[in-house]
Amino acid sequence: MSVEALTRSEVFGQLRRDLYGDEQSSHSNTHIFIILGASGDLAKKKIYPTLWWLFRDGLLPEETYFVGFARSKLTVEDIKTACLPNMKVTDEDSESLSAFFSKNSYLSGRYDDAESFSQLNAHLSSLPRGANANRLFYLALPPSVYHDISSNLKAHCMTQGWNRVIVEKPFGRDLQSSHQLSAHLSSLFSEDQIYRIDHYLGKEMVQNLMVLRFGNRIFGPIWNRNNVACVVLTFKEPFGAQGRGGYFDDFGIIRDVMQNHLLQMLSLVAMEKPTSTASDDVRDEKVKVLKCIAPVGLSDVVLGQYVGDPDGEGEAKRGYLDDPTVPNDSHTPTFATVVLYVQNERWDGVPFILRCGKALNERKAEVRLQFTDVPGDIFDLRCQRNELVVRVQPDEAIYLKMMTKKPGVFFSPEETELDLTYRSRYKDVKLPDAYERLILDVFCGNQMHFVRSDELREAWRILTPLLHQIEKEKISPIPYIYGSRGPNEADDLVRRVGFRYEGRYKWVKPHTA
Ligand code: NDP
Ligand code: BG6
């Protein structure tokens, strides 16, 4: 049967069965998705648009309602106006869009006010079959209000169906604050009700890491300290604080990107094969990797902060400290390179290099394994090291840099690549956005791509002493120019630990017919 011939709930059912197995705990077919912080930036830019795409594509259960809650006095029409620019609506969508908003409602109230949550509960129960509906609560809010909200939700808004709470980062700002938050949440909800979002775990190529490693014979035997010289995990953005300085300055790039996105990717690259693809089997292995990493010392770190490029245009002229939302004397790093070691049998001695930064030369997130030299060289040092690169974004790709005979009458080695570029290999496949996958997972009760509390604790354990030292000693970041590759000292550090950059590799775009 074609997908078109199925009703929405049949598609949902099929997808759920295919991907996740049957959802036994579902007491009801009605679902209510509650967005707490519905007036905010995240709700407007990500959550509402994602819900709309899932609704439009028929991936949500038939009877799903959406309820916004925030302090501002708004109407559904206001929400619609605020979200429309981010929703990618076409002319053909108008009927579906009206249907979507007809399932929406909005309520204003205070986050610390029990009465507001009683009213919210009364509203949820007043929706068709709402009293027993499954409820998904999305906390699209700063963590400062998590405490009050979660207590009020638990006291006033639980249903006979299932209740799941989706929490956005930052989950605390160090080991201690994260522990307090976790302890509070786990006093109210069981771990299987808490979905901590790290949206990198919803990205196609991040999810692909497990299949690539454990679904192929060829990588397993070389995925270890005998063959891998180093692993580089990179996150680069070509823009700066962009008015988000108020939030960013309090956190810095290590908390914003490294503690979560990069450490999550690292654990997927380094973990042992889980006993199955069940959520907890996977997360058990991820947490074991993190447990093998010692806290980072300052000698394995380079910090940077961008300054304006006098020759640049527009934003590039402005340094981090020129941003009006950033304090003039801020020491907050906007760039960091950190070297970690996974002290276990597989990885002992192999440097894992984590690099992240804002206002750099390009947008790029990737995982790169650089392999060791071929022993017993017979080609007069003309062979470069093999590299396996998984490019998460932009333009998803996997490429393996390797030596081949220079084509023709030559007998000399030449560097080339085995290239799996998704855009050319999977031309008509539309890859879902990370939030689409993750929100769907919450409906389906699949926690594999969400962060468990022990993973979170270990990630903070690794970085908290460094973060405290940076703050206590007011360590000055090294200035780098907006639009550059970051401070040269970062390249010196990665060279020192064993990454080799020859600068000879030139990628030639393949011919297309
Ligand atoms: P490069 O040799 O250019 O870079 C390899 C690594 O070296 C990168 O991690 C890079 O980091 C780093 N590096 C660059 N300059 C220096 C330096 N001066 N000192 C130390 N390290 C340095 O090879 P790539 O594998 O990155 O490929 C080059 C280009 O070709 C890329 O844009 C890639 O996307 C493209 N390509 C695309 C393919 C596809 O679309 N399928 C397939 C193969 C390649 P940094 O990120 O900081 O520059
Ligand atoms: C967020 C960070 O978690 O990830 C932002 O807080 C960053 O600073 C963003 O810009 C990057 O996400 P993506 O999906 O655009 O790579």
Side-chain angles (χ1 to χ4, degrees), residues 41-42 45-46 168-171 197-206 230-245 247-262 264-265 302 304 332 334-335 337 353-370 384-402 415-425 433-435 437-438 451 480 484-510:
D41 218 43
L42 179 68
K45 290 198 179 130
K46 273 286 172 208
E168 266 288 340
K169 72 174 248 277
F171 312 118
I197 284 222
D198 179 320
H199 76 285
Y200 267 61
L201 293 179
K203 292 193 186 260
E204 178 73 23
M205 301 312 274
V206 175
C230 58
V231 180
V232 190
L233 299 128
T234 303
F235 167 97
K236 293 163 81 174
E237 264 180 353
F239 49 84
Q242 280 191 326
R244 260 177 98 225
Y247 154 81
F248 187 86
D249 198 67
D250 194 26
F251 283 85
I253 197 76
I254 295 179
R255 289 187 177 93
D256 191 41
V257 171
M258 191 178 283
Q259 185 273 344
N260 34 69
H261 308 327
L262 290 186
Q264 281 295 327
M265 294 205 289
V302 170
T332 300
T334 59
F335 172 100
T337 293
I353 300 161
L354 276 53
R355 312 185 303 156
C356 49
K358 298 211 170 245
L360 295 175
N361 59 332
E362 60 183 337
R363 174 169 185 252
K364 180 167 89 175
E366 67 176 28
V367 173
R368 182 181 299 264
L369 274 77
Q370 185 173 86
Q384 268 84 261
R385 285 178 168 181
N386 295 138
E387 284 185 352
L388 175 68
V389 184
V390 177
R391 197 170 59 218
V392 174
Q393 65 191 32
D395 290 339
E396 293 82 353
I398 300 169
Y399 55 97
L400 177 63
K401 290 158 73 170
M402 55 178 280
E415 193 176 23
T416 182
E417 68 287 313
L418 286 178
D419 180 3
L420 174 61
T421 298
Y422 270 42
R423 225 176 4 174
S424 34
R425 178 66 181 81
D433 172 80
Y435 274 88
R437 287 176 213 263
L438 295 176
V451 182
Y480 64 92
S484 69
R485 291 184 52 259
N488 292 336
E489 287 80 346
D491 287 338
D492 296 343
L493 172 65
V494 303
R495 190 177 318 114
R496 218 164 47 237
V497 297
F499 175 75
R500 185 149 350 126
Y501 174 70
E502 309 279 1
R504 279 184 274 165
Y505 177 69
K506 290 273 171 291
W507 185 56
V508 184
K509 269 197 181 179

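Below, each value reflects all heavy atoms present in this structure, side chains not excepted, and no hydrogens, waters or symmetry copies. Remember, it's 1-based here, ligands and their atoms both numbered in the order they're listed.
Protein residues with any heavy atom under 4.0 Å from ligand 1: Lys236, Arg355, Glu362, Lys364, Glu366, Arg368, Arg391, Ala397, Tyr399, Lys401, Asp419, Thr421, Arg485, Asp491, Phe499, Tyr501, Tyr505, Trp507.
Within the structure, the closest approach of Tyr200 to ligand 2 falls below 4.0 Å when heavy atoms are considered. Proximity of Val257 to ligand 2 is not established, as no heavy-atom distance is less than 4.0 Å.
Between the side chains of Lys203 and Gln393, a donor-acceptor pair is found at a separation under 3.5 Å.
Around the CG atom of Asn488, the shell of radius 6.0 Å holds no more than 12 heavy atoms that belong to other residues, nucleotides or ligands. Environment of NZ in Lys45: sparse, with no more than 12 heavy atoms of neighbouring residues, nucleotides or ligands closer than 6.0 Å.
Within ligand 2, counting atoms from 1 as listed, the ones closer than 4.0 Å to a heavy atom of His261 are 1 (C), 3 (O), 4 (O). When each atom of ligand 2 is checked for a heavy atom of Lys358 under 4.0 Å away, the hits are 5 (C), 7 (C), 8 (O), 10 (O). Interface atoms of ligand 2 facing Gln393, defined by a heavy-atom separation under 4.0 Å, are 13 (P), 16 (O).
Taking the charged nitrogens against the carboxylate oxygens, Glu502 and Arg500 do have a contact shorter than 4.0 Å, which makes a salt bridge. In this structure, Lys401 does not pair ionically with Glu417, as no charged nitrogen and carboxylate oxygen lie closer than 4.0 Å. Ion pair Lys169/Asp256 flagged as a salt bridge, since at least one NZ, NE, NH1 or NH2 atom sits closer than 4.0 Å to an Asp/Glu carboxylate oxygen. A salt bridge links Arg485 with Asp491: at least one charged nitrogen is closer than 4.0 Å to a carboxylate oxygen.
Between Tyr247 and ligand 2, no pair of N/O atoms sits closer than 3.5 Å.
Tested against Arg425 for a side-chain contact (heavy atoms from CB on, under 4.5 Å), the candidates Asp419, Ile398, Leu420 yield a single pass: Leu420.
If you check which protein heavy atom lies closest to atom 14 (O) of ligand 2, you get Lys203 NZ, 2.7 Å. Protein heavy atom at the shortest distance from atom 15 (O) of ligand 2 is Arg363 NH2, 4.1 Å. The nearest heavy-atom contact from the protein to atom 6 (O) of ligand 2 is Asp256 OD1, 2.6 Å. Atom 10 (O) of ligand 2 has its closest protein heavy atom at Glu237 OE2, 2.4 Å. With hydrogens left out, the protein atom closest to atom 12 (O) of ligand 2 is His199 NE2, 3.1 Å, a heavy atom.
Rounding to the nearest 0.5 Å places NE2 of His199 at 12.5 Å from CD of Gln264. Note that CD of Glu366 and OH of Tyr399 are 5.0 Å apart. Values are rounded to the nearest 0.5 Å.
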TODO: Let me see the working for Met258 and Phe235 under side-chain contact (heavy atoms from CB on, under 4.5 Å), right down to the final yes or no.
DONE: CA-CA 9 Å; Met258 191 178 283; Phe235 167 97; over 6 Å; no

